[in-house]
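Keep in mind that the numbers below use all heavy atoms, side chains included, and drop hydrogens, waters and symmetry copies.
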Amino acid sequence: MLLGNIDKQSYEEWKNMIDVNVNGILTTTNVILPDMIKRNEGTIINISSIAGRKTFTNHGIYCGSKFAVHAITESIREEVADKNVRIIVIAPGVVETNLLSHTTDENIKSDYIEWKKSIGNGLNASDVVNCIEFAYNMPQDICVREIVIAKTKQVD
């Protein structure tokens, strides 16, 4: 999550977000999906973000990469549903992780920290894990297509 103003952020930061968020799920899917199709069962869970469903200031490339995660996940889900393979996307709001530490613009980082405090801080990672476990533990013939989870006070 390399937040930045689009006219000041470096191409390298953009490329890094695309490589991790988009190419990461493509590479993993490419490796594991053929065997799942052959076995006629399997589950892929991709982690996106609320930023993959709506835009935020200073999140331009990050949002674009997470929107791509949503679109790719949904498209692949449609393509392999008849093979009994589930493709799921989990879209958390702000989570207590070290993601923000990668943002290089100190003003953006400071504003984000203040906003996060105003909503009572972020989700615990275990909250997201619980959602993943719920979706995964459903019977193979049930696909929880998407879970969006955020702190109650996070309205955006």
Side-chain angles (χ1 to χ4, degrees), residues 1-34 36 42-80 85-136 143-156:
M1 185 173 82
L2 300 167
L3 305 183
N5 187 295
I6 199 72
D7 67 336
K8 295 180 181 108
Q9 194 170 29
S10 74
Y11 174 81
E12 282 306 311
E13 287 188 355
W14 298 352
K15 185 177 178 318
N16 190 6
M17 283 186 281
I18 299 298
D19 283 347
V20 170
N21 295 333
V22 179
N23 294 334
I25 68 165
L26 292 175
T27 301
T28 303
T29 300
N30 182 275
V31 169
I32 64 176
L33 187 60
M36 291 179 176
T43 304
I44 295 173
I45 300 176
N46 291 325
I47 305 299
S48 184
S49 169
I50 285 179
R53 305 178 90 246
K54 68 175 300 314
T55 60
F56 296 91
T57 303
N58 298 317
H59 285 60
I61 305 304
Y62 181 72
C63 285
S65 70
K66 292 301 190 174
F67 268 79
V69 171
H70 271 79
I72 292 165
T73 301
E74 181 62 11
S75 182
I76 294 172
R77 184 197 61 75
E78 292 172 1
E79 292 175 20
V80 299
V85 175
R86 304 180 303 179
I87 314 291
I88 300 165
V89 66
I90 308 291
V94 63
V95 181
E96 291 299 326
T97 68
N98 66 347
L99 280 179
L100 188 61
S101 68
H102 304 290
T103 295
T104 56
D105 185 310
E106 292 302 321
N107 290 328
I108 291 172
K109 196 184 300 189
S110 176
D111 289 346
Y112 189 92
I113 290 168
E114 287 305 311
W115 168 77
K116 191 167 81 164
K117 286 179 188 173
S118 78
I119 64 165
N121 294 314
L123 298 164
N124 293 317
S126 62
D127 299 322
V128 179
V129 169
N130 290 338
C131 289
I132 294 167
E133 287 179 335
F134 167 77
Y136 182 80
C143 182
V144 177
R145 297 178 182 185
E146 178 179 12
I147 294 177
V148 180
I149 179 175
K151 295 287 282 225
T152 301
K153 291 184 178 181
Q154 183 181 343
V155 297
D156 286 334

To check you understand the geometry: which heavy-atom pair defines the closest contact between Cys143 and Ile88, and what is its length?
SG-CG1, 4.1 Å
Would you kindly check if the NZ (Lys) or CZ (Arg) of Lys54 is within the cone defined by 45 degrees around the ring axis of Phe56 and under 6.0 Å from the six-membered ring centre?
yes
Close side-chain approach of Val95 and Ile149, heavy atoms under 4.5 Å:
no
What do the steps show when you test Ile76 against Leu33 for side-chain contact (heavy atoms from CB on, under 4.5 Å), and what is the final call?
CA-CA 10 Å; Ile76 294 172; Leu33 187 60; 4.1 Å; yes
Is any side-chain heavy atom of Phe134 closer than 4.5 Å to a side-chain heavy atom of Val144?
yes
Start with the C-alpha gap between Leu100 and Met1, add the side-chain angles, then the distance that decides, and say whether side-chain contact (heavy atoms from CB on, under 4.5 Å) holds.
CA-CA 6 Å; Leu100 188 61; Met1 185 173 82; 4.0 Å; yes
Partner of Leu2 by side-chain contact (heavy atoms from CB on, under 4.5 Å), out of Met17, His59, Glu12
Met17
Does the side chain of Val89 reach to within under 4.5 Å of the side chain of Glu74, using non-hydrogen atoms?
no
Residue pair Ile72 / Thr29, side-chain heavy-atom distance below 4.5 Å:
no
CG of Leu26 to CG of Asn21: how many Å apart, nearest 0.5 Å?
11.0 Å
From Arg53 CZ over to Asp156 CG, what is the distance, rounded to the nearest 0.5 angstrom?
13.0 Å
Do you know the tightest heavy-atom contact between Ala135 and Ile147?
CB-CD1, 4.1 Å
Output the distance between atom CD1 (Ile50) and atom CD (Gln154), rounded to the nearest 0.5 Å.
4.5 Å
Once rounded to the nearest 0.5 Å, what's the spacing between atom NZ of Lys153 and atom NZ of Lys116?
15.5 Å
Go through it in stages, so that I can follow the logic: the residues are Glu13 and Ile61, the test is side-chain contact (heavy atoms from CB on, under 4.5 Å), and I'd like the CA-CA distance, side-chain angles, deciding distance and then a yes or no.
CA-CA 9 Å; Glu13 287 188 355; Ile61 305 304; over 6 Å; no
For Ala51, is there any backbone N or O sitting under 3.5 Å from a side-chain donor or acceptor partner on Lys66?
no
Closest non-hydrogen atoms of Pro92 and Ser48, given as atom of the first, atom of the second and distance, are CD-O, 3.6 Å
Donor-acceptor check, side chain of Asp127 to backbone of Asn124, threshold 3.5 angstrom: yes or no?
yes
Main-chain N/O of Glu106 paired to Ser110 side chain as donor or acceptor, under 3.5 Å
no
Do you know which two heavy atoms are closest between Ala91 and Glu146, and how far apart they sit?
CB-OE2, 4.4 Å
Does the Asn98 side chain pair with the main chain of Ser101, one donor and one acceptor, at a distance under 3.5 Å?
no
Using the side-chain hydrogen bond (donor to acceptor under 3.5 Å, both in side chains) criterion, which residues pair with Ser10? Sequence neighbours excluded.
none
List in chain and number order the residues that pass side-chain contact (heavy atoms from CB on, under 4.5 Å) with Asp111, two or more places apart in sequence or in another chain; answer none if no residue qualifies.
none
Interatomic distance, Thr103 atom OG1 to Tyr112 atom OH [nearest 0.5 angstrom]
8.5 Å
Ignoring hydrogens and angles, tell me if any N or O in the side chain of Thr27 forms a donor-acceptor pair with the backbone of Gly24 under 3.5 Å.
no
Atom NE2 of His70 and atom CG of Asn46: how far apart are they, to the nearest 0.5 Å?
10.0 Å
By salt bridge (charged side-chain N to carboxylate O under 4.0 Å, His left out) - contacts of Lys117 (at least two apart)
Glu114
Lys15, NZ atom: more than 12 neighbouring heavy atoms under 6.0 Å
no
